[in-house]
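Each remark here refers to the structure printed beneath this line.
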Amino acid sequence: MKRNIIFTFLLAFISMASQAQTKVNIHGICEPDAKSISILKNMDGSGGQDSVAVTNGKWEYMKELPADVYTLSFISDVKAKQAKQEDVITVMADSIPTEIDLTTGTVKGSKASEAMNATWKELFASMKNDNGLAAVQQMRKAVLDNTDSMLPVVFFPMGMYKALTYPELQKIFRPGAPYENHPAMKEAKEYMSQIREAYQKERQELLSSQKARAIGNKFTDIAMNDTTGRERRLSEWCGKGRYVLIDFWASWCGPCRAEMPNVTACYEKYHAKGLDIVAISFDTSKDAWLRAINTMKMPWVHLSDLAGWNSLGAKTYDIKGIPANILLDGEGNIIDNDLRDYMLEEKLAEIFGE
């Protein structure tokens, strides 16, 4: 297999029309018997190829690159002979000094470059393990955590933007984002426009309807078992003077698990200031439910009747999709719902004066 086959990925990338230059400063180590490092500019090869010599297992790549080169892929001549995609290390072509260890596959550089490397590793692993969900979760996290870089341009042409909610797409397409007008983002922008109307309609229905989770309504009390099997009621926490986030989720729900670090961060920041969380799970397996709580370290109240989508929580609050949540004030009134990612943090900061 020829060396350049290693670098062929089934992706479509469109170059930026710009004359700006990016100075890259990349150092690395590789196998002692390696003679050269092959470098691919953009994963589709649209930026051309390059190479650097190796001296005693060390190499460096310092160059000014056009702005339409936004990723760099590296492999040693030793690894290239084996033709394994996982041996290719891909980082962002940014100005932050980067260290690459081609013997271990590790990267030390910008947050975006480290996320890029971790994401490609997950993608390759998912091909072997047939675990596409893990790959989507990794791409989603990488994109949302690196909206200050060109990283979203790499993954959006793959269609992963369809795994994001409308509020998350709003975060991606914030004014002034470096990729705001990039041609590769056009399809995602069109998709966002299509769902904007539906999202706004749904939010308006929640504001004006008489549904159990409509803003302005009182919470509806229900009874479910906690993790010990003891029956508990929402009224034990709701309407008792503290703000309460009723969080609907399930251990099998990938987007729910992806959202948990954000929920955890908000809980840790605001619990002492007056926030409680009551999680209602749509699981059917108690073992899976308890294992997820333990694995993700979720230190708040957990309730479930282990009835899946037939859960009393789903029926009472008309939950059609998860993750979903309801935020109550100290009197038990619903003041907002379906707050995810930055929207949850912004709302809590507004309440608690952060």
Side-chain angles (χ1 to χ4, degrees), residues 111 140-141 144-148 164-177 199-200 202-208 211-222 224 226-227 232-249 253 255-281 292-293 296-303 313 316-317 319 321-354:
K111 182 164 61 74
R140 179 180 176 277
K141 184 178 188 304
L144 291 173
D145 287 350
N146 292 279
T147 60
D148 57 347
L164 302 176
T165 64
Y166 176 67
E168 288 167 342
L169 286 170
Q170 284 185 303
K171 179 181 179 181
I172 294 294
F173 288 109
R174 60 180 174 77
Y199 177 82
Q200 292 176 340
E202 180 183 356
R203 293 283 292 175
Q204 186 59 39
E205 287 177 350
L206 289 174
L207 285 167
S208 60
K211 292 181 179 179
R213 60 185 177 124
I215 295 173
N217 286 356
K218 282 277 190 180
F219 80 97
T220 302
D221 199 15
I222 56 176
M224 307 178 91
D226 63 16
T227 55
R232 310 296 294 269
R233 303 192 68 86
L234 286 179
S235 54
E236 294 179 46
W237 299 275
C238 303
K240 300 295 185 181
R242 292 172 61 87
Y243 286 83
V244 177
L245 183 73
I246 304 176
D247 193 35
F248 301 93
W249 74 293
C253 169
C256 299
R257 298 180 74 109
E259 179 69 11
M260 279 311 161
N262 178 55
V263 177
T264 300
C266 288
Y267 180 81
E268 291 176 347
K269 185 173 183 178
Y270 296 111
H271 177 59
K273 298 181 180 182
L275 174 69
D276 289 327
I277 297 178
V278 179
I280 295 180
S281 170
I293 294 171
M296 293 188 289
K297 298 179 173 58
M298 301 156 64
W300 45 82
V301 178
H302 291 275
L303 306 177
T316 302
Y317 285 98
I319 305 297
I322 52 176
N325 56 47
I326 299 168
L327 183 62
L328 309 178
D329 65 14
E331 302 300 317
N333 301 308
I334 298 173
I335 58 173
D336 216 327
N337 44 52
D338 292 340
L339 298 166
R340 293 178 63 182
D341 199 74
Y342 73 99
M343 294 177 68
L344 178 59
E345 163 63 25
E346 285 185 353
K347 185 65 177 182
L348 294 176
E350 174 188 323
I351 291 171
F352 293 108
E354 289 294 316

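For the numbers below, each heavy atom of this structure counts, side chains included, while hydrogens, waters and symmetry mates do not. By convention here, the first residue in the shown sequence is residue 1. These figures come from a predicted structure and were not determined experimentally.
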Exercise. Taking all heavy atoms of Trp300 and all of Ala279, pick out the closest pair and write down the distance.
Key: NE1-CB, 3.6 Å
Practice problem: Over all heavy atoms of both residues, which pair between Ile322 and Cys253 is shortest? Give the atoms and the distance, please. | Solution: O-SG, 3.7 Å
Practice problem: May I ask you to check whether over 12 heavy atoms, not counting those of Lys347, lie within 6.0 Å of atom NZ? | Solution: yes
Practice problem: State, to 0.1 Å, how close Leu234 and Asp221 come at their nearest heavy-atom pair, and which atoms those are. | Solution: N-OD1, 3.1 Å
Quiz item: Are side-chain heavy atoms of Ser235 and Phe219 found at a separation under 4.5 Å?
Solution: yes
Exercise. For Lys218 and Glu331, indicate whether the former's side chain and the latter's backbone hold a donor-acceptor pair under 3.5 Å.
Key: yes
Practice problem: Start with the C-alpha distance between Met296 and Thr264, add both sets of side-chain angles, then the distance that settles side chain to side chain contact (heavy atoms under 4.5 Å, CB included), and finish with yes or no. | Solution: CA-CA 9 Å; Met296 293 188 289; Thr264 300; over 6 Å; no
Exercise. For the pair Asn325 and Leu339, evaluate side chain to side chain contact (heavy atoms under 4.5 Å, CB included) and give the outcome as yes or no after the intermediate values.
Key: CA-CA 7 Å; Asn325 56 47; Leu339 298 166; 3.9 Å; yes
Quiz item: Okay, side chain of Asn333, backbone of Gly216: is any donor-acceptor separation there less than 3.5 Å?
Solution: no
Quiz prompt | Residue list, ring-ring contact (aromatic ring centres under 6.0 Å, His included) with Tyr243, at least two apart or on another chain | solution = Phe352
Quiz item: Which pair of non-hydrogen atoms, one from Met224 and one from Gly313, has the smallest distance, and what is that distance?
Solution: CE-N, 4.1 Å
Quiz item: Going through the distances and angles, do Ile246 and Cys238 end up as a side chain to side chain contact (heavy atoms under 4.5 Å, CB included)?
Solution: CA-CA 9 Å; Ile246 304 176; Cys238 303; 4.2 Å; yes
Quiz item: Roughly how far, to the nearest 0.5 Å, is the OG1 atom of Thr220 from the CD1 atom of Ile326?
Solution: 8.0 Å
Quiz item: Does any non-hydrogen side-chain atom of Ile351 lie less than 4.5 Å from one of Leu275?
Solution: no
Quiz item: Closest approach of Met298 and Ala292, non-hydrogen atoms and distance?
Solution: SD-O, 4.0 Å
Practice problem: Check salt bridge (charged side-chain N to carboxylate O under 4.0 Å, His left out) between Glu236 and all other residues, then give those that pass, not counting sequence neighbours. | Solution: Arg232
Practice problem: Answer whether the closest heavy-atom distance between the side chains of Arg174 and Asp148 falls below 4.5 Å. | Solution: yes
Self-check item: Any donor-acceptor pair under 3.5 Å from Asp276 side chain to Arg242 backbone
Solution: no
Exercise. Specify the closest pair of heavy atoms between Arg140 and Ala258, including all atoms of both residues, with the distance to one decimal.
Key: NH1-CB, 3.1 Å
Practice problem: Check whether any side-chain heavy atom of Leu144 lies under 4.5 Å from a side-chain heavy atom of Leu164, and answer yes or no. | Solution: yes
Quiz prompt | Beyond-backbone contact of Trp249 with Ser281, side-chain heavy atoms, under 4.5 angstrom | solution = yes
